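Written out below as structure tokens is the structure these notes cover.
As the structure is a prediction and not an experimental result, all values here were calculated from the model. Lettering of chains follows the sequences in order, A, B, ..., and the numbering in each one begins at 1. In what follows, every heavy atom counts, from backbone to side chain, and hydrogens, waters and symmetry copies are set aside.
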Protein chains: 2
Amino acid sequence: MFLDNNYDIIFAIEFIKFTCLEYEFKCETGIMMQNMTIYEIAKIAGVSASTVSRVLNNSPNVKEATRKLVLECIDKYHYSPSETARGLIKQSSKMVGILLPDARIMHHAESITFIQRELSAMGYCCLVMTTGRDEQERLRCLEILNQRRVDAAVLMGSSFQLDSIKNAIEKYLSQIPIIIANGYLELPNVYGIISDEYNGVLECVRLLFEKGRKKLAFIADYDTPSNQRKIAGFSAGMEKYYREHTPLIIWANGEFHEACRKVSEFMQKSPNIDGLIFAEDQLAAAGLRALRDMQISVPDQVSVIGINNSIITQICNPSLTALDNMSMDMSAAVVNNLIAVLQGRCVVKKMSLYSRIVERETT
Amino acid sequence: MFLDNNYDIIFAIEFIKFTCLEYEFKCETGIMMQNMTIYEIAKIAGVSASTVSRVLNNSPNVKEATRKLVLECIDKYHYSPSETARGLIKQSSKMVGILLPDARIMHHAESITFIQRELSAMGYCCLVMTTGRDEQERLRCLEILNQRRVDAAVLMGSSFQLDSIKNAIEKYLSQIPIIIANGYLELPNVYGIISDEYNGVLECVRLLFEKGRKKLAFIADYDTPSNQRKIAGFSAGMEKYYREHTPLIIWANGEFHEACRKVSEFMQKSPNIDGLIFAEDQLAAAGLRALRDMQISVPDQVSVIGINNSIITQICNPSLTALDNMSMDMSAAVVNNLIAVLQGRCVVKKMSLYSRIVERETT
DNA sequence: TTGTAGGCGTTATCAT
DNA sequence: ATGATAACGCCTACAA
């Protein structure tokens, strides 16, 4: 059905191409038409393609009357230049690739919303690709970004901090700037902005210590560099405040209910635990659910802290105390660094962002 | 810093362009290089560009030995053809534009994750643009999609069901298929998949009626066609089960706390309300918070139902009963219809999806 | 089986 | 101020 229509269009266009007057006619009658080219506009306006191009690009070297005439034609026929063709000659696609494991991760969703808007205002489009946790898929995406000749790429999350990705960047994307949000790779074209989760979690331990909590555990989902930093901060905190050399690290990944079950199992085995730090807000939410199902009162019996300070903290009941790793600052830094590099300005290769605790009802 | 490096590259390339042997040398030493062209690969392989093109496109008309040789060169120099140039000649960008108000809306985040992955498997890339609620911004995005010559577009959410957008589509995007998720526009190239929220909310009213609830209210955030359908279903239900002709509709938009406040105000004024249906899960979560702050027990004193059945329903405490509007089915239908249209198959212009209630603790 | 030439829709360079 | 012409990197008749 759609295609049938298209045949008509193609026919109409063939017809149109040789008679200027026909343009008007077809347009008035509202027949759909293929995208026009700069040559067609030029012909209608009675000028050359270069003149139209000059008008399009606001060149000062166009007589005002000519400009006006051309603009009228452009407007009348809804002409807009093909960015594809432009990209070819300009050697710049004006596109930025954004890779992320999963748009459902709330703070990533927030980040792409922000980053995309800022870049859009600068005339860039975003090619968003969700890779999952699969390494091969990530490499494939990097190849695609190369084929699409994106002007830059943003990798969201420390889980992109992999040797295989480093190699792929060297191989495919060594000439465009790459920003890693919350990660870094030692490569001339890679820029990293890292959240100081080490000290953040250290502070979380201190908070729980000061609240008089006796026995803490850290619950992580996946083994990422970011989580390793959190765990390191936890270990340092346990050492410093509790003189404990073998901090309790629990792994609870998977979907919500799966995570619930794992937390539940752990708490059953360790009834003396009275403080939990979760690697992620949503994981903490699953933990809260598990505690509630076990009739463990929060924060009376157990204190809970999440990380990210996403909207989830407020949806939780009791509302979740969380380490704010400043994901908005992170996004802003990503955009600023990206734009700076694209404009050829000098940019810090690797920087760190402070984090801070936002206390709510679970502590 | 980055640019300085680039000058070296450009110099290296200039040098390379005229000596085949140099290619090897530069590559072994690992110097970054500009993307190669099909001509350069052809020269190195000692064949013509068309032969390389044939290999690239798996044409059968290539001698096996030649193919092998060419593939080796391609592999050795990490050559990959420019999709930009391909798009120009093929008149197809292999890109799909995805417009959505805000990636932070959970079920939209889920949808783009799904849609993007499926389309990626079909060789398409997704240009994701978040438009907010601003009409002008949406029109601007449609123009951009036209400039980028996307092969199709997906508009997420009924809020795209606007006359201005209909006009813009006629003007700029009349030749590519456009799928609206949960909305429709009467245009030859627009396809709609709509969630049957009318009957869904009608069922919600029935559920609350059967639970013995006496006085209901519907709380909506924004005035979208989707919410209007929900409200219509609510009104029909109130008529049918409660013989009430003036159903109570409350507007509570804005951020989480703002929504909380508005629900709070309303409940203060109407203490006899014992059943609330919210237009969205997150809004319901804000409602639950308000009720809790007012010491109103859920579901003992008031029953609460959300809509969408996102992960939020499980994060809530008590867990949220919700109308599942089958957003995964919706996404699947969007992808399937999109692919069908792109392949020239016949596709239903407008279809409806059933919704169903998932009962949890708030009712 | 392979190569040559022309074109996709722009912009840039050089004339005029 | 304007126009002709040659790129940009690829694909595809058509010719050999």
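- In this entry the distance linking CD1 of A/Ile89 with C1' of D/dG9 reads 10 Å, nearest Å.
- Between the NZ atom of B/Lys43 and the C1' atom of D/dC10 there is a distance of 17 Å, given to the nearest Å.
- Closest approach to the A/Tyr39 side chain among D/dG9, D/dC11, D/dA6 is made by D/dA6 (side chain taken as heavy atoms from C-beta onward).
- When each of A/Val335, A/Leu119, A/Ile179 is checked for a side chain to side chain contact (heavy atoms under 4.5 Å, CB included) with A/Val96, only A/Leu119 meets the rule.
- Residue A/Arg67 is out of contact with every strand shown, counting any heavy-atom pair closer than 4.0 Å.
- Within the structure, every side-chain polar atom (N or O) of B/Asn35 is placed at least 4.0 Å from both OP1 and OP2 of D/dG9.
- At a cut-off of 3.5 angstrom, the base of C/dG9 holds no donor-acceptor pair with the side chain of B/Arg149.
- Between B/Asn61 and the phosphate of C/dT2, there is no side-chain N or O to OP1/OP2 separation shorter than 4.0 Å.
- Remark: C1' of C/dT11 and NZ of A/Lys94 are 15 Å apart, rounded to the nearest angstrom.
- B/Thr66 and B/Arg54 share no side-chain donor-acceptor pair at under 3.5 Å.
- Atom pair A/Met36:CE and C/dT10:P shows a separation of 10 Å (rounding to whole Å applied).
- Within 3.5 Å, no donor on the side chain of A/Thr66 pairs with an acceptor on the base of D/dA1, nor the reverse.
- Considering only side-chain N and O atoms, B/Ser48 lies under 4.0 angstrom from the phosphate OP1 or OP2 of C/dG3.
- Residue A/Leu88 contributes atom CG, which lies 9 Å from atom C1' of D/dA7 at whole-angstrom precision.
- At a threshold of 4.0 angstrom between heavy atoms, the contacts of A/Gln91 are confined to the sugar-phosphate backbone, with no base atom among them.
- In summary, A/Arg138 and A/Glu135 do not engage in a salt bridge, as defined by a charged side-chain N under 4.0 Å from a carboxylate O.
- If you measure from atom CD1 of A/Ile38 to atom P of D/dT5, you get 17 Å, rounded to the nearest angstrom.
- Residue side chain B/Ser50 reaches the base of C/dT4 through a donor-acceptor N/O pair under 3.5 Å, judged by distance alone.
- Counting to the nearest Å, the P atom of C/dA12 and the CZ atom of A/Arg86 are 10 Å from each other.
- Side-chain contact, B/Gln116 with A/Thr130: a donor N or O sits under 3.5 Å from an acceptor N or O.
- In this structure, the CD atom of A/Glu64 is 15 Å from the C1' atom of D/dT2, given to the nearest Å.
- Within 4.0 Å (heavy atoms only), B/Ser53 reaches at least one base atom of the nucleic acid.
- The side chain of B/Tyr79 contributes an N or O atom lying less than 4.0 Å from OP1 or OP2 of D/dC10.
- Side-chain atoms of B/Ala85 lie closest to D/dC10 of the nucleotides D/dC10, D/dC8, D/dC11.
- Two residues are said to be in side-chain contact when any heavy atoms from C-beta on lie closer than 4.5 Å; B/Ser174 and B/Tyr172 fail this criterion.
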